[in-house]
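Below is one structure; the comments refer to it alone.
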Amino acid sequence: MRDSCPDSELLAASVESRLTADEEWKVLNHASVCDDCRRELAITRLRSDAVPDPLPDGLRFRLRASGTRRRTRSFRPARVSPAASLAAVLVLSLAAILVVLFYRDDERPFSASSVSIPAIRRLPVLEIPREEERLTRQPAERERDPRRFSRSEEERKRTKPRSEFADELPDPPLPRETRTETAARVFTELTLTDVGGELALHRGQERQPIRGIVTVREGDVLVAEKPSSFHIEGRHAVVLPRDARISVASSAGEQATWLSVRAGHVLVQPDASAASRWILSDGRHVLVVEKTRARFAASREEASLTFAALSDEVSVAPEGGRADTVRAGEEWTPRGVARCARAATYQGQWASGRPRERSAFFAACDAEDLRRGRWTLLEGTLERERSSPFVRAVEKRQRLAATLRLDHRVLWDLDYLVRFRCRTNAKSVRIEIPVPQNQGTLLGELEVVRDATNRWITIELPLRRFQIVGAGRILLSSYDRMESLEFSASPKETHGGRGHLEIDDIQILER
Amino acid sequence: MDDGELVRACLARSPGAWDELIERFGPVVYDAAGYTLRRVLGSTQREDAENVVQGVLLGLCEKDFHRLRSFQGRSSLRTWLISVTTRFALNYVRTEKRKGSLRLLRLEESGDELTERESPNPLPLDERERVARAMESMPDRDRLLLKLCYFDGLSYRTIAGILKMPMNSVSPLLSRAKETLRKALEIRSEAPPVSKQ
């Protein structure tokens, strides 16, 4: 770091967009030439929204203790002159002689004469406050951290009396106790993909059967009318047996998926590529499942939440309570951890009901989806009809075109298929996928029959059926990335009327 | 207790304030320390991360809370602490390297530790110098854009956040910056060598 570097507060303010345009300009200009400041800016930006893990216990207590020690005032001997030192020695000597004389006088056997003329009044004894008194002195602190003061009677008896200065030292760690209150959370929408089986979405008084892609939010209830399955955000697989009712949303602050079991049970296989955090609830109790990749079942039994690990060891904790380890084939209940009697049933339901396809890329074509940056609309407009959004192709160079860039880049696999919903009156719809590394394009073309015009239809096209354009041969490897998808149609070649093309629910599927 | 009140309570040595600060922001500092060390070194030893955390948090209360007093509230306390931790961790890496106690360090050797790790065939030194010189001649914003993208490996979203621009603008600006760099490199290769007389 150099003297000319802006201080950390200025960089932090830049990350939070709190600087004036002039200050911002100076900070960014400096960052363009100073590697340390650029890294500081980048890392601060990257970590500003992160949800950190708790501090290791040892480090936390070291920090608390060290901080406390540093805050106590240290004693420094003052510089004194030799004359003052001599005077102090004399005074102390005189005081010592007097104390010795008085001590002897006090040691004498009790008599009336000795009591009547006390030479020096004895100093009051400094009482060490008892534990109870010490606790009652700090009501505010006790309210703020009740766990610290909620010691049992036994523990108080075991605790040795301590001096006044003991307050400055941190208390030893106490065993964690289960709190009953749960944290308030802000939920955001999330998208379910690859919905299969017979699943209905209950939103308020409305009931709507769902398939393919659907965006759900807190308050929506998913009801499995027959065994069903889906992926959450194209990643975590979920299986619901018949009559299961759940709600699901995203707890953005905790970067966790919130799953509320309203009836029956739910089986979940989190994405194996990244550890995920889950918050399970039955409406009253909350269970936090930390960073799991293991398959699990959550159910609502006897009005309380239970959790079964099915494929690996998992750490679970009732909110605010002590974490328990649940091994594969074990079940956690509020009473403890025990063998899961229904593990075989769960495994069987999983094997028969798991989703058979997975979205490598999906776009529900709504604003929330776009805001999350999963894709970018390069050509076309985002529109809404009643409550359902979609992408409308715009006319450009005598073509109707809608182009999406996939920000979540998809690696090529010729076994993939492209699925999308479309509404058009054009006679044919074309899909183009550029292959930049090979300077060619994969082209798929579909005829739209007259009966299918002007209504939403679902189209599926395997990549193997695409033609190669602009290059003699296209060699695809897993290093090549699929970066964009273009849907187009001719506005002049229609089944009647002015040409239009609307696209919705785009998926690149793996089966 | 909001951030400002917590800082004031710490400065006034209120009982429990320091513990509250550790409880609330200790994990944030630990996370930033671990992330910075991982980013620079490729992996993190737990002791190194703990050293950084202790250095940052105890540095706050040294000299009668001199460091904490310097916080003016222009940003949130959390973001400020992340920034302070990152700076401390980068300095820590540099100091420990000087002492020879870190083995995996490449902070000084390469302008770009991430690219070098990922690239199986790094550029020869003279080529790298040529690119570095060409980058120096570029406009500030283009240079920063290229560095954030290719040196730091940031996503378009993060880059857009840092440069306060829409995410859609990153890609075209990046293409333009690469074009500028290409031209600067061509000009440099065409320029006659300076004769020593």
Side-chain angles (χ1 to χ4, degrees), chain A residues 1 5 7-19 24-25 28-33 35-48 50-56 58-60 62-64 66-68 70-71 138 140-141 144-145 148 167-168 170 373 376-378 405 407, chain B residues 13 15-16 18-23 26-32 35-36 39-40 46 50 53-54 57-58 60-62 70-72 74-76 78-84 86-87 89-91 111 136 140-144 147-148 151-152 154-158 161-164 167-168 171:
Chain A
M1 291 289 160
C5 290
D7 67 7
S8 293
E9 193 163 356
L10 212 58
L11 292 180
S14 167
V15 167
E16 292 182 343
S17 305
R18 293 194 190 186
L19 295 181
E24 189 74 56
W25 184 80
L28 293 181
N29 271 7
H30 176 80
S32 74
V33 290
D35 285 344
D36 277 354
C37 287
R38 193 191 73 241
R39 286 193 183 101
E40 190 175 332
L41 205 58
I43 292 173
T44 307
R45 175 89 203 173
L46 283 168
R47 303 319 290 167
S48 59
V51 179
D53 291 335
L55 276 181
L59 177 62
R60 183 165 76 243
R62 275 207 307 281
L63 288 168
R64 289 173 64 162
S66 311
T68 316
R70 277 160 194 265
R71 280 179 289 143
Q138 301 163 332
E141 197 173 349
R144 201 163 50 246
D145 190 358
R148 188 179 155 196
D167 269 352
E168 295 286 321
T376 313
L377 194 56
L378 298 181
R405 195 185 59 218
D407 287 338
Chain B
R13 296 182 172 82
W18 176 254
D19 294 349
E20 172 80 21
L21 189 127
I22 297 292
E23 289 298 324
V28 174
V29 172
Y30 188 62
D31 174 77
Y35 185 82
T36 309
R39 191 103 202 196
V40 176
R46 186 174 164 167
E50 292 193 355
V53 174
Q54 291 194 77
L57 289 175
L58 302 184
L60 292 180
C61 56
E62 270 178 0
S70 73
F71 176 65
Q72 298 165 5
R74 295 194 68 181
S75 68
S76 66
R78 178 193 161 99
T79 313
W80 179 65
L81 281 172
I82 294 172
S83 191
V84 167
T86 309
R87 186 169 288 195
L90 291 172
N91 285 333
E136 278 169 21
D140 290 336
R141 193 179 65 170
D142 288 356
R143 185 169 52 233
L144 182 57
K147 285 181 175 179
L148 289 173
F151 286 15
D152 298 330
L154 300 186
S155 67
Y156 283 8
R157 173 185 284 271
T158 313
I162 290 172
L163 298 180
K164 314 285 179 305
M167 202 169 74
N168 292 355
S171 180

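All of these numbers come straight from a predicted model, not from anything done at the bench. The figures here come from the full heavy-atom set of this structure, side chains too, leaving out hydrogens, waters and symmetry mates. Chain naming here is simple, since letters A, B, ... match the order of the sequence lines and numbering starts at 1 in each.
A/Arg45 is not listed as a side-chain neighbour of B/Ser83, based on a closest heavy-atom distance of 4.5 Å or more. When side chains are defined from C-beta on, B/Leu90 counts as touching A/Arg39, because their heavy atoms get closer than 4.5 Å. Side-chain contact check for A/Arg38 versus B/Leu144: some heavy-atom pair is nearer than 4.5 Å.
Heavy atoms of B/Ile22 lying under 4.5 Å from chain A belong to its backbone as well as its side chain. Looking at B/Ile162, the atoms closer than 4.5 Å to chain A (heavy atoms on both sides) sit in the backbone and in the side chain alike. Of the two parts of B/Ser155, neither the backbone nor the side chain holds a non-hydrogen atom closer than 4.5 Å to a non-hydrogen atom of chain A. Only the side chain of B/Glu23 comes within less than 4.5 Å of a heavy atom of chain A; its backbone N, CA, C and O stay farther away.
The closest donor-acceptor contact from the side chain of B/Ser75 to the backbone of A/Ala12 lies at 3.5 Å or more, if one exists at all. Not a single donor-acceptor pair under 3.5 Å links the side chain of B/Lys147 to the backbone N or O of A/Ala31. Put simply, the side chain of B/Arg74 never gets that close to the backbone of A/Ala13: no donor and acceptor are under 3.5 Å apart. Panel note: side chain A/Glu9, backbone B/Trp80; no donor-acceptor pair is recorded below 3.5 Å.
Under 4.0 Å is where a charged nitrogen must lie from a carboxylate oxygen, and between A/Arg47 and B/Asp31 at least one such pair does.
In terms of heavy atoms, B/Glu50 sits closest to A/Pro56 at OE2-CG, 3.9 Å. Heavy-atom minimum distance, B/Lys164 versus A/Ser14: NZ-O, 2.8 Å.
Interatomic distance, OG1 of A/Thr376 versus CZ of B/Arg157, reported as 9.5 Å (0.5 Å rounding).
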Requested in this report: Start with the C-alpha gap between A/Glu16 and B/Thr79, add the side-chain angles, then the distance that decides, and say whether side-chain hydrogen bond (donor to acceptor under 3.5 Å, both in side chains) holds.
Outcome: CA-CA 8 Å; A/Glu16 292 182 343; B/Thr79 313; 2.4 Å; yes
Report task. Might you work through the side-chain contact (heavy atoms from CB on, under 4.5 Å) test for A/Leu46 and B/Leu154, ending with a clear yes or no? Result -> CA-CA 9 Å; A/Leu46 283 168; B/Leu154 300 186; 3.5 Å; yes
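B/Arg143 and A/Ser32 are linked by a side-chain donor-acceptor pair at a separation below 3.5 angstrom, with hydrogens and angles left out of the test.
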